[in-house]
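Here is the structure we will look at, set down as structure tokens.
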Amino acid sequence: MRVLVTGASGQLAHAIRQVWSDHDLVLPEEAILDLSQQSAIHSVVSSVRPEVVINCGAFTQVDRCESEPELAQEINATAVGWLAEACEAQKAMLIQISTDYVFDGTGTRPYREDDPTNPVSVYGRTKLEGERQAARCSRHLIARTSWLYDAWGKNFLNTMLNAAAQGRVLRVVDDQRGAPTTCRALARQLKVAAEQGWQGLVNTTCAGETTWHGFAQAIFKGRGIAADLHPCTTADYPTPAQRPAYSVLDGAHRRSLGPDLMPEWEAALREVIQRPVL
Ligand SMILES: NC(=O)C1=CN([C@@H]2O[C@H](COP(=O)(O)OP(=O)(O)OC[C@H]3O[C@@H](n4cnc5c(N)ncnc54)[C@H](OP(=O)(O)O)[C@@H]3O)[C@@H](O)[C@H]2O)C=CC1
Ligand SMILES: Cc1cn([C@H]2C[C@H](O)[C@@H](COP(=O)(O)OP(=O)(O)O[C@H]3O[C@@H](C)C(=O)[C@@H](O)[C@H]3O)O2)c(=O)[nH]c1=O
């Protein structure tokens, strides 16, 4: 398949470049495919003529989104509408990546696809609007995922490793629960999903759940690092953006669609540590 990937410099796009290498991939740099430019989106999509577009581009700095809501709206929502129009014109399938932060986190069991959303941050609100925009393309797959990381890129794992390498005392919240998900696992699952033509809204996270502190503990244990790590509460670690206290997503619908390539989060972390380069 001819596949166009946006947000080429990001961590998920890097995984797709490796995992989807048997497909005809086009990953334009931001200078060529700037999502804030409707004309760039239309001209790249119409010249590449992809069968599938994977939108990995987004404004993902959750705290910065609070102070730059217009930019967040433009990249996370408006641009997705432009992509949806361009895909519709080419009869292409649009794969939109969305987030657990569309929920407010007051739930007590894993969120299903049809559970009501209620984002509590600008990032979450704009990503939810992005889902609605993506759904304007008749062939669309919206993959909701969470806590993405891998051996490369800007993510929680690398933040923790860098902080520990600098000898910093680490206080990490132990009252926000979710599912850490590797970019490589998501890229593998999306490949099967695209090849089999899955459509609609599909939760796509690693299995199991932990807290950010539990995730940090597992990272340091897995790497054999004696970090100075302490649990704290959300109140002890104030941030500009509110995060959901509970944002585990239910994978039952995904498992009903076809092969389940999403491992337990601990197994996925082990793979990242044992095989950092794909
Ligand atoms: N990271 C996570 O934990 C999660 C991410 N997601 C979603 O998954 C997708 C991939 O995220 P991830 O790979 O982690 O994020 P990254 O931040 O690693 O990648 C996003 C990319 O989008 C690029 N980008 C930003 N603005 C533009 C623009 N105007 N034009 C073109 N590209 C732009 C960024 O470039 P630059 O860095 O130069 O700004 C960056 O390379 C996103 O949709 C995100 O919302 C969902 C759940 C969890
Ligand atoms: C770095 C750090 C963070 N924290 C807290 C802050 C926050 O509540 C939580 C996670 O911090 P981060 O800012 O690294 O992660 P955050 O940017 O909130 O991660 C989110 O990114 C977006 C893009 C998503 O879509 C989400 O699924 C999720 O992965 O850990 C600590 O308690 N101590 C620390 O030293």
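In this chain, numbering begins with 1 at the start of the sequence shown. All values below were derived from every heavy atom in this structure, side-chain atoms included, with hydrogens, water molecules and symmetry-related copies excluded. Ligands are counted one by one from 1 in listed order, and the atoms in each one are counted from 1 as well.
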For Trp147, the ligand 1 atoms with a heavy-atom partner under 4.0 Å come out as 3 (O), 48 (C)
So the atoms of ligand 1 within less than 4.0 Å of a heavy atom of Gly57 turn out to be 22 (O)
Of Val26, Val53, Val52, the one forming a side chain to side chain contact (heavy atoms under 4.5 Å, CB included) with Arg2 is Val26
Closest non-hydrogen protein atom to [atom], residue and atom name please, with distance?
atom	answer
atom 40 (C) of ligand 1	Ser9 OG, 3.9 Å
atom 43 (O) of ligand 1	Lys127 NZ, 2.7 Å
atom 29 (O) of ligand 2	Trp147 CA, 3.1 Å
atom 13 (O) of ligand 1	Leu12 N, 2.9 Å
atom 10 (C) of ligand 2	Trp212 CE2, 3.3 Å
atom 1 (N) of ligand 1	Gln11 NE2, 3.4 Å
atom 5 (C) of ligand 1	Leu148 CD1, 3.7 Å
atom 7 (C) of ligand 1	Ile97 CG2, 3.7 Å
atom 29 (N) of ligand 1	Asp34 OD1, 3.0 Å
atom 10 (C) of ligand 1	Cys56 O, 3.4 Å
atom 21 (O) of ligand 2	Val62 CG2, 3.7 Å

Applying the 4.5 Å side-chain criterion to the ILVMFWY set and letting contacts propagate, would [X] and [Y] be lumped into a single cluster?
X	Y	answer
Leu201	Leu257	no
Leu27	Ile54	yes
Val45	Val5	no

Under 3.5 Å between any N/O of [X] and any N/O of ligand 1: does that happen in this structure?
X	answer
Tyr123	yes
Thr99	no
Thr60	yes
Thr145	no
Asp100	no

Sub-4.0 Å atoms of ligand 2 with respect to non-hydrogen atoms of [X]:
X	result
Thr99	24 (C), 25 (O), 26 (C), 27 (O)
Val173	5 (C), 8 (O), 30 (O), 31 (C), 32 (O)
Asp100	26 (C), 27 (O)
Ser146	27 (O)

Can a side-chain donor-acceptor contact be found between [Y] and [X] if the only test is distance below 3.5 angstrom?
X	Y	answer
Asp175	Thr234	yes
Ser138	Glu88	yes
His23	Glu195	yes

Heavy-atom pairs closer than 4.0 Å: do any link ligand 1 to the side chain of [X], the backbone, both, or neither?
X	answer
Leu35	both
Ala79	neither
Phe59	neither
Leu33	backbone

Closest heavy-atom pair, His230 versus Val169, reported as atoms and distance to 0.1 Å, is CD2-CG1, 3.8 Å
Smallest heavy-atom separation, Trp212 atom then Gln176 atom, equals NE1-OE1, 3.3 Å
Anything under 3.5 Å between a donor and an acceptor, one on a side chain of residues 268-276, the other on a protein residue two or more places apart or in another chain? List them.
{"residue": "Glu271", "atom": "OE1", "partner": "Arg188", "partner atom": "NH1", "Å": "3.1"}
{"residue": "Glu271", "atom": "OE2", "partner": "Arg184", "partner atom": "NH1", "Å": "3.2"}
{"residue": "Glu271", "atom": "OE2", "partner": "Arg188", "partner atom": "NH2", "Å": "2.9"}

Nitrogen or oxygen atoms of Tyr123 and ligand 2 under 3.5 Å apart
yes
Sub-3.5 Å N/O-N/O distance, Arg243 and ligand 2: yes
Using heavy-atom distances only, which candidate in [options] approaches [atom] most closely?
atom	options	answer
atom 34 (C) of ligand 1	Ala8, Gly10, Cys183, Ala58	Ala58
atom 28 (C) of ligand 2	Tyr149, Tyr101, Phe156, Tyr237	Tyr101
atom 46 (C) of ligand 1	Ala40, Ser146, Pro28, Ser98	Ser98
atom 32 (N) of ligand 1	Lys154, Gln37, Glu30, Arg144	Glu30

Is it the case that atom CD in Glu29 sees more than 12 heavy atoms from other parts of the structure closer than 6.0 Å? no
### Query
Can you list the steps and then say if Glu131 with Lys127 is a salt bridge (Lys or Arg N to Asp or Glu O under 4.0 Å)?
CA-CA 6 Å; Glu131 292 186 0; Lys127 290 293 294 182; over 6 Å; no
(message) With the threshold set at under 4.0 angstrom, would you say Gln61 reaches ligand 2 through any of its heavy atoms?
(response) no
When the ring planes of Phe215 and Phe156 are compared, do they come out parallel, tilted or perpendicular, using 30° and 60° as the limits? parallel
Could you check whether [X] pairs with [Y] (Lys NZ or Arg NE/NH1/NH2 to Asp/Glu carboxylate O, under 4.0 Å)?
X	Y	result
Arg243	Asp100	no
Glu129	Arg125	no
Arg144	Asp250	no
Glu51	Lys91	no

Under 4.0 Å, heavy atoms only, figure out whether ligand 2 is touched by the backbone of [X], its side chain, both or neither.
X	answer
Arg171	backbone
Gln176	side chain
Val172	both

inquiry  = I'd like to know whether Thr6 forms a side-chain hydrogen bond (donor to acceptor under 3.5 Å, both in side chains) with Asn55, so could you lay out the CA-CA distance, the side-chain angles of the two residues, the decisive distance to 0.1 Å, and finally the verdict.
reply    = CA-CA 5 Å; Thr6 71; Asn55 183 24; 2.5 Å; yes
Between the OG atom in Ser43 and the CD atom in Gln38, the distance rounded to the nearest 0.5 Å is 11.0 Å
Next on the checklist: With a 3.5 Å distance limit and no angle check, can you tell me whether Ser146 reaches the backbone of Thr205 through a side-chain donor-acceptor pair?
Outcome noted: no
